[in-house]
Chemist: 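Have a look at the structure that comes next, please.
Heavy atoms only: backbone and side chains are in, while hydrogens, waters and symmetry mates are out.
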Amino acid sequence: MVRKKKNTMNTKARNLIAEDNPKSPIAEQYRTIRTNLQFTSVDNELETMLVTSAGPSEGKSMTTANTAAVFAQQQKRTLLVDADMRKPTVQYTFRIQNMLGLSNYLAGTQRVKDLVNTTHVDYLDVITSGPVPPNPSELLGSHKMEQFINEAKQHYDMIIFDTPPVLAVTDSQVLSNYVDGVLLVVRSKQTEKEAAAKAKEKLDQAKANVLGVVLNDQEVTSSSNYYYYYGQ
């Protein structure tokens, strides 16, 4: 399923700085996030995780895609799944079609390998959200979701889900029960402290394993970078 050779797509991904400019300070911060995530799971290997945010427009999907890319750069067979079936974006980032995806698997009989899209990043595959269903939360909390993860684990070392904001819908809370951990993204000068605290509270209520928080879009100074990772 995971091919090492380059995909034949001619267009590069948007905002995939970890792959397009790997020597940049921002790409280095994504690698720092990867390292810290690995340190949080010393006793139990991290195989599945989801990325979410408190609210919209906080850089969640960009963080998800770049985090998946840096895991793939370690030659880990990585699968990025767009589980935001309300406002999907992965198809735009990787310039691929969204005719078939996760919703087709959860509501039908497709196999994981039938839905996989290869990318221009070695070891990184993508599954889009698929057609928008009327009941995303119910699908994400179904037995088929657990089946999807178990099937994907047979082919991938790391599975990363891009999910909707916590304070908007319950999708992330529902899916958090099926993954090893959750990464929360907040945006500097946009995410209110109360909103971030409320998002963490909702994840705790769902008994999610919150791995840490990414502070996105922090103003650059002589001693800072764009992205920080804070573990619990």
Chemist: Taking side chain as C-beta onward, heavy atoms only, is Val81 less than 4.5 Å from Tyr156?
Modeler: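 No, side chains not in contact.
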Chemist: List the residues meeting side-chain hydrogen bond (donor to acceptor under 3.5 Å, both in side chains) with Asn104, not counting sequence neighbours, and say none if there are none.
Modeler: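 So Asn104 forms no side-chain hydrogen bond (donor to acceptor under 3.5 Å, both in side chains) with any residue.
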Chemist: Side-chain contact test, heavy atoms from C-beta onward, threshold under 4.5 Å: evaluate it for Ile160 versus Phe71 and give yes or no.
Modeler: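 They are in side-chain contact.
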Chemist: Starting at CD of Gln173, measure out to CG of Leu50 and round the result to the nearest 0.5 Å.
Modeler: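 Reported value, rounded in 0.5 Å steps: 10.5 Å.
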Chemist: Would you indicate whether the side-chain heavy atoms of Val214 and Ile33 approach each other to under 4.5 Å?
Modeler: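 In short, these two side chains touch, coming nearer than 4.5 Å.
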Chemist: Excluding sequence neighbours, so at least two apart, what forms salt bridge (charged side-chain N to carboxylate O under 4.0 Å, His left out) with Asp84?
Modeler: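 With sequence neighbours excluded, Asp84 shows a salt bridge (charged side-chain N to carboxylate O under 4.0 Å, His left out) to Lys60, given in chain and number order.
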Chemist: Using only heavy-atom distances, determine whether the side chains of Thr163 and Asp171 contain a donor-acceptor pair under 3.5 Å.
Modeler: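 Their side chains do not contain a donor-acceptor pair, so the 3.5 Å distance test is not met.
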Chemist: Is it true that atom CD of Gln97 has more than 12 heavy atoms of other residues, nucleotides or ligands lying nearer than 6.0 Å?
Modeler: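 No - once you tally the heavy atoms of other residues, nucleotides and ligands closer than 6.0 Å, there are 12 at most.
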Chemist: How long is the straight-line distance from OG of Ser137 back to CG of Leu175, given to the nearest 0.5 Å?
Modeler: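 Leu175 atom CG to Ser137 atom OG measures 10.5 Å (nearest 0.5 Å).
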Chemist: Side chains of His120 and Leu16: does their closest heavy-atom pair fall under 4.5 Å?
Modeler: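 Yes, their side chains come closer than 4.5 Å.
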Chemist: Are Gln74 and Met158 side-chain neighbours, meaning at least one heavy-atom pair lies under 4.5 Å?
Modeler: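 No, their side chains stay 4.5 Å or more apart.
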Chemist: Could you tell me if the side chain of Asn209 sits less than 4.5 Å from the side chain of Asp180, heavy atoms only?
Modeler: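 No. Closest side-chain heavy atoms not under 4.5 Å.
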Chemist: If you apply the rule side-chain contact (heavy atoms from CB on, under 4.5 Å), what do you find for Lys153 with Glu47, and how did you get there?
Modeler: CA-CA 8 Å; Lys153 278 184 175 182; Glu47 297 179 291; 3.9 Å; yes
Chemist: If we only count heavy atoms from C-beta on, is the Thr119 to Asp125 side-chain gap below 4.5 Å?
Modeler: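 No - every pair of side-chain heavy atoms lies 4.5 Å or more apart.
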Chemist: Do Leu140 and Met85 have side chains that approach each other closer than 4.5 Å (heavy atoms only, starting at C-beta)?
Modeler: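 Yes, side chains in contact.
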Chemist: For Arg34, give me all partners under salt bridge (charged side-chain N to carboxylate O under 4.0 Å, His left out), at least two apart in sequence or on another chain.
Modeler: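 By the salt bridge (charged side-chain N to carboxylate O under 4.0 Å, His left out) rule, Arg34 matches no residue at all.
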Chemist: How would you list, by chain and number, every residue that makes a salt bridge (charged side-chain N to carboxylate O under 4.0 Å, His left out) with Asp157, sequence neighbours excluded?
Modeler: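 If we apply the salt bridge (charged side-chain N to carboxylate O under 4.0 Å, His left out) test to Asp157, skipping adjacent residues, the hits are Arg77.
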Chemist: Counting distance only, does the side-chain N/O of Glu58 pair as donor-acceptor with the main-chain N or O of Ser53 below 3.5 Å?
Modeler: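 A pair under 3.5 Å: no.
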Chemist: Under the side-chain contact (heavy atoms from CB on, under 4.5 Å) criterion, do Leu46 and Leu211 qualify, and how do the steps go?
Modeler: CA-CA 10 Å; Leu46 185 66; Leu211 302 168; 4.0 Å; yes
Chemist: How many angstroms lie between CD in Gln73 and CG in Asn66, if you round to the nearest 0.5 Å?
Modeler: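 Separation between the atoms: 9.0 Å.
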Chemist: Got a second to check how far Thr63's OG1 is from Asn216's CG, nearest 0.5 Å?
Modeler: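 Atom-to-atom, Thr63:OG1 and Asn216:CG are 5.0 Å apart.
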Chemist: Examine distances only and state if a side-chain atom of Arg31 and a backbone atom of Pro22 form a donor-acceptor pair shorter than 3.5 Å.
Modeler: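 It does hold such a pair.
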Chemist: If a pair satisfies ring-ring contact (aromatic ring centres under 6.0 Å, His included) and one of its residues is in residues 96-119, list it, with sequence neighbours excluded.
Modeler: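 Checked against ring-ring contact (aromatic ring centres under 6.0 Å, His included) - neighbours excluded - the pairs reaching residues 96-119 are Tyr105-Phe148.
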Chemist: When rounded to the nearest 0.5 angstrom, what is the spacing between NZ in Lys202 and OG in Ser172?
Modeler: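 Answer rounded to 0.5 Å: 11.0 Å.
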Chemist: Under 3.5 Å, which donor-acceptor pairs do the side chains of residues 126-136 form with other protein atoms, sequence neighbours left out?
Modeler:
residue : atom : partner : partner atom : Å
Thr128  : OG1  : Asn98   : OD1          : 2.6
Thr128  : OG1  : Leu100  : O            : 3.0
Ser129  : OG   : Asn98   : ND2          : 3.2

Chemist: Please report the interatomic distance CG(Asp162) to CG(Leu80), rounded to the nearest 0.5 Å.
Modeler: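 So the CG of Asp162 and the CG of Leu80 are separated by 6.5 Å.
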Chemist: Output, in order, the C-alpha distance, side-chain angles, deciding distance and verdict of side-chain contact (heavy atoms from CB on, under 4.5 Å) for Ser24 and Ile17.
Modeler: CA-CA 8 Å; Ser24 68; Ile17 193 168; 3.7 Å; yes
